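Residue numbering restarts at 1 for every chain, and letters A, B, ... go by the order of the sequence lines. Predicted model, so just to flag it, every value in this text is computed and none were measured.
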Amino acid sequence: MAVLKTENLTKIFKKGWKEAKVALDGLSIEVQEGEIFGFLGPNGAGKTTTIKILLRLLKPTSGRAEILDKDLATAPTRLRVGYMPENPYFYRFLTGEEFLQFYAKLNHIPSNQRKKRIDELIETVGMNHARNVRIRDYSKGMVQRIGLAQALMHDPKLVLLDEPLSGLDPIGRKEIRDLVYALKEQGRTIFFCSHILSDVQDICDRVAILHLGKLLKLGSLSELLGTEKDRVEVELKMPEGTTKESLGIQGDFHNGIFKTMLDNTEQANQFLDQWKSKGAVVRALIPQRKSLEELFVETIRAQDPKVALET
Amino acid sequence: MIEILTIGLNTFREAIRSKVLYLILFFMVLMIGSSFFLETLALDGGDRLIKNLGLSTISFFGLLVAMFIGVNLIPQEVESKTIYTIVSQGVQRWQFVLGKFLGLILTVYVNIALMTVMLLGILLYYFATTDMIEGVTFFWMIKAIFMELLAMLIVVAVAILFSSFSTPILSAVMTGCVYIIGQMTNDFWDYIRLQSEKQGTEIYCAFLKVIYYLCPHLDMLNLKKQVVHFEELGAAAASFPYGAGAFHAITYTAVILFIACLAFSKRDF
Amino acid sequence: MKPKFVLLAIVLLALYLVGQKLAWDSQRYDYVNNYMNRYTSAKMRKVLTAGHDALLADLAMIRGIQFYGMNYPLFDKKPTMYNQFKSLADATIDMDPRHFEAYRFWGFAMTSAQRGKVDAYRFLMAGAHRMAATDEVFTIIQPNMWEVAKDAAYVAEYELQKATKEWGCDAYTFAEKARDCPEFLHRLKVLACRDVDPDPIPALQELATRANQSGNVAIWQLNLDHMRRIISEEHKRFWDAASQAYYEIHGASPTRIEQLTKNVGILKKAVQEYQKVSSEWAEGGVGQLYPNMVNPLPEKKGKLEFRIAQIPELPEDPYGGEYLILDLQGKPSLVGTGINELERESFLEPINQTLKEYQKDHNGECPEDLDAFSQEYNLRLPVADGFGYPLLLDYGKCEFYFPPVSEENPPPLPPYGEEKKTADEEIDLTLMEDDSADSSPASATDEVKAGTADSDG
């Protein structure tokens with residue numbers, strides 16, 4: 001069952017009289033219930049625009065968007081979508097607990113259950129030690145976690161996370177990642193926006209890659225990466241007197257150690273056989289699965305060769 | 001309704017925890033306190049000076065609160081993206097705007113209440129030390145401050161309106177302008193009347209009249225002079241249209257808030 | 001550094017310095033007041049305060065007080081200083097047209113300059129008018145407006161020495177409109193307005209009305225006192241005319257009042273003179289002679305009534321209403337105090353003197369026809385004296401006399417002027433030409449005739 005669905009979603013921002021910028025160009029995605037959906041793209045790809053449209057902060061120029069089987073154009077406002085913004089800058093003057101209380105009230109949680117619900121959430125995100133500290137004194141990871149608690153306040157089926165891992169230290173990343181897994185186990189659907197690809201690679205079931213408003217690739221990780229997983233990295237200690245020119249293929253040659261990437265196992269076997277017989281010693285033989293990052297770079301390069309990518 | 005109330009109380013809490021408010025409050029106390037010393041400089045109009053300075057301070061600093069705190073409220077929420085989370089949890093935009101209005105007006109009113117207590121205290125002390133108790137003064141003061149509360153409704157609503165679609169600095173400037181224009185609509189009307197007596201100014205006058213009808217009539221709610229000049233006459237004597245003033249303030253605020261809600265609802269973030 | 005930048009820096013610096021110089025030049029001799037004068041109208045000033053004009057007016061007044069304290073001795077020497085001070089005053093009241101203290105302060109302060117006295121009057125009067133009605137909304141006159149108008153009147157009467165007669169009267173008249181206008185101001189107004197209109201009748205009428213309106217004995221008495229004051233002024237006017245006449249005849253000033261009262265010629269001249277004066281305010285100057293209109297001892301809380309004198313419609317009255325009863329002493333109350341004896345003599349003396357002149361003219365004969373006698377000598381014969389004793393003629397001596405006063409022989413007529421009081425229980429200030437009194441001259445001659453007949457027999 002599709003929790004989130006967009007069809008041909010297009011958004012054009014007008015700048016001045018004639019100039020217009022296409023932020024989203026016919027985006028069609030579908031997020032199934034219970035999955036973690038990675039929504040990828042470099043800065044300016046249209047990720048935030050999509051989220052804004054989903055939250056009805058923007059109106060699409062054309063196309064449809066549905067959340068929980070309800071058309072956004074006609075659906076009631078109370079959609080119960082959890083949302084955690086990118087680089088949140090919450091009410092800094094509130095303590096963590098007051099902050100959650102505010103959202104509890106907004107969600108009509110009766111006052112007798114409010115305390116219990118807040119306790120639960122604080123427990124979930126592990127913020128018990130800082131519940132009475134003002135948010136302005138929080139570290140970035142703590143802010144992310146309290147933001148997540150806020151997004152879960154009304155027990156939403158769908159959680160939109162916008163760059164939840166950006167700017168965190170490794171421990172923070174792991175904690176948030178664990179939280180996301182926990183959410184999945186609770187049966188929630190997670191829409192995960194990021195341009196930090198390694199994070200997505202670890203946790204997402206399916207990903208969509210977006211560039212300049214266009215959907216480039218959409219599918220499960222195995223679909224996207226699996227076909228090209230038999231590349232092999234080879235590292236050999238060459239016998240004395242070998243020169244780089246004599247090797248015949250590209251690679252690093254340094255202090256008698258040669259390191260290269262071979263496209264498939266057959267090629268690798270061939271290469272190894274050829275040089276073992278000449279007295280080379282195999283130092284390492286690493287199968288290379290194509291990373292999401294490379295896929296991302298490749299995909300985008302294919303689309304637009306001149307683009308400068310941040311990684 | 002609970003959303004409006006929650007957002008309003010949260011806004012109020014934000015305001016009372018911000019340093020700007022305390023700075024403004026400090027200067028308010030300073031100004032009202034200074035009336036105590038200035039009074040000795042104004043021949044025998046001391047009582048008058050305390051009243052004037054107190055009421056002007058209340059009005060002016062109400063405007064300052066609306067300008068410096070009020071115009072930031074909505075842009076700040078947009079900037080910090082808290083608006084996204086609030087909207088994603090099912091709060092409608094008009095509820096958000098009304099909540100902000102409620103919070104701001106609450107802040108202003110609490111400010112005014114504090115100042116009123118201080119002002120009346122100073123007046124009481126003044127009367128006690130000069131052996132002249134004038135009950136009617138307090139009656140008029142309360143009345144003037146009540147009208148000031150109504151005027152603040154308009155000012156705050158205007159601040160919210162501008163901040164719902166414009167940048168804070170622009171909103172502050174516009175709010176200040178509306179305050180000033182609102183205080184002089186009476187004179188403006190005089191001007192229109194003078195112009196309309198001339199030949200060939202029909203279109204110009206019609207244009208001016210449109211502006212006149214768009215402006216809030218804050219001078220209708222400005223009882224500062226009446227406090228000083230008409231307290232001897234008692235309530236019945238000065239046939240000031242209090243009812244009309246109150247009605248104007250409330251309806252004008254309602255219309256402004258409606259426009260603000262509409263503008264904010266149509267707005268793209 | 002590139003030469004371009006150096007050049008640019010120098011140009012900018014030069015521009016900056018020129019700008020500063022211009023600003024300095026234009027501001028060096030200017031004061032803020034001048035700016036306000038030059039660039040902003042009164043309306044503009046008020047508008048710019050954005051609803052805080054009352055407060056600004058207060059602050060401007062404080063500034064004005066300081067300015068006055070520092071500079072007032074220079075006001076006459078330096079006109080600019082005075083003008084600045086005045087423009088500050090105008091600015092203050094433009095911002096708050098009902099600033100009571102500001103009017104009074106500036107009104108007082110401006111008089112300290114010789115040039116400012118007329119300004120002060122105008123400023124205060126404008127203030128009184130503005131305070132009375134600034135907005136259409138507030139139709140009620142400011143209760144304490146009278147103080148400003150009173151100050152204006154003070155300036156007109158004392159600072160300006162009544163240079164313009166109407167000003168004092170105008171100011172007091174305006175002050176009267178205020179709700180809280182005190183009683184004494186009405187009386188001051190009556191006195192001030194007599195400079196404009198010397199006719200005593202409206203003044204007396206107004207005072208009598210005020211006295212009657214008030215339930216307060218003290219106020220009643222004060223009004224009465226002012227009426228007396230006006231009457232005595234009229235008396236003085238009359239006696240001055242008489243003294244003048246005496247001087248013309250005798251070439252010397254009179255030393256005693258009797259010298260005037262006993263001489264019919266002098267009195268006649270005084271009457272003519274007085275009529276000439278009074279003709280300025282009354283048509284013909286006839287019948288407007290009232291130095292005898294006060295009753296000095298009215299009963300407390302009695303109703304004062306003032307009636308305009310009527311010319312007696314008696315065809316046989318040969319004097320055309322030119323008769324004279326001088327009564328400053330009032331009704332006789334005690335017998336034998338001597339005062340009323342004197343009064344009797346003052347009645348008798350002119351008559352007897354005239355009688356002697358008659359005798360001289362008619363070969364020592366005593367007049368048979370008293371009507372002809374009084375007609376010829378323009379003399380009016382009283383019916384009775386203050387006690388009520390009739391006037392009698394001793395034909396043998398050819399001398400008028402009153403019977404002696406004694407307890408055993410009570411007066412046959414009611415005391416002089418009494419019948420009006422007993423009739424309607426009013427204190428009547430018109431002791432003259434009243435309807436009832438008018439009949440007396442005609443009947444007096446009859447009485448005298450009867451008296452003469454008695455003594456004959």
| field | Close side-chain approach of B/Asn52 to C/His99, heavy-atom, < 4.5 Å | value | no
| request: Identify, with sequence neighbours excluded, every residue that meets salt bridge (Lys or Arg N to Asp or Glu O under 4.0 Å) alongside C/Glu157. | output: none
| message | I need the B/Leu49 CG to C/Leu59 CG distance, nearest 0.5 Å. | response | 6.5 Å
| message | With a sphere of 6.0 Å drawn around CZ of B/Phe146, does it hold more than 12 non-hydrogen atoms of other residues, nucleotides or ligands? | response | no
| field | Results of side-chain hydrogen bond (donor to acceptor under 3.5 Å, both in side chains) for B/Tyr109 - residues two or more places apart only | value | none
| task | Sort by residue number and list every member of residues 173-180 of chain B having a non-hydrogen atom under 4.5 Å from chain C. | result | B/Tyr179, B/Ile180
| message | Taking B/Lys51 first and then C/Asp58, would you say they form a salt bridge - that is, a charged N and a carboxylate O separated by under 4.0 Å? | response | no
| message | Nearest 0.5 Å, please: how far is CG in C/Asp53 from CD in B/Gln183? | response | 8.5 Å
| field | Between CG on residue B/Asn222 and NE2 on residue C/His52, distance to nearest 0.5 Å | value | 7.5 Å
| task | Answer yes or no: does atom CG of B/Leu23 have more than 12 heavy-atom neighbours from other residues, nucleotides or ligands under 6.0 Å? | result | yes
| task | Applying side-chain contact (heavy atoms from CB on, under 4.5 Å), name anything that partners B/Ser171, two or more places apart in sequence or on another chain. | result | B/Val71, B/Phe162, B/Ser163, B/Ser166
| request: Taking atom OH of C/Tyr158 as the centre, report whether more than 12 heavy atoms of other residues, nucleotides or ligands fall under 6.0 Å from it. | output: no
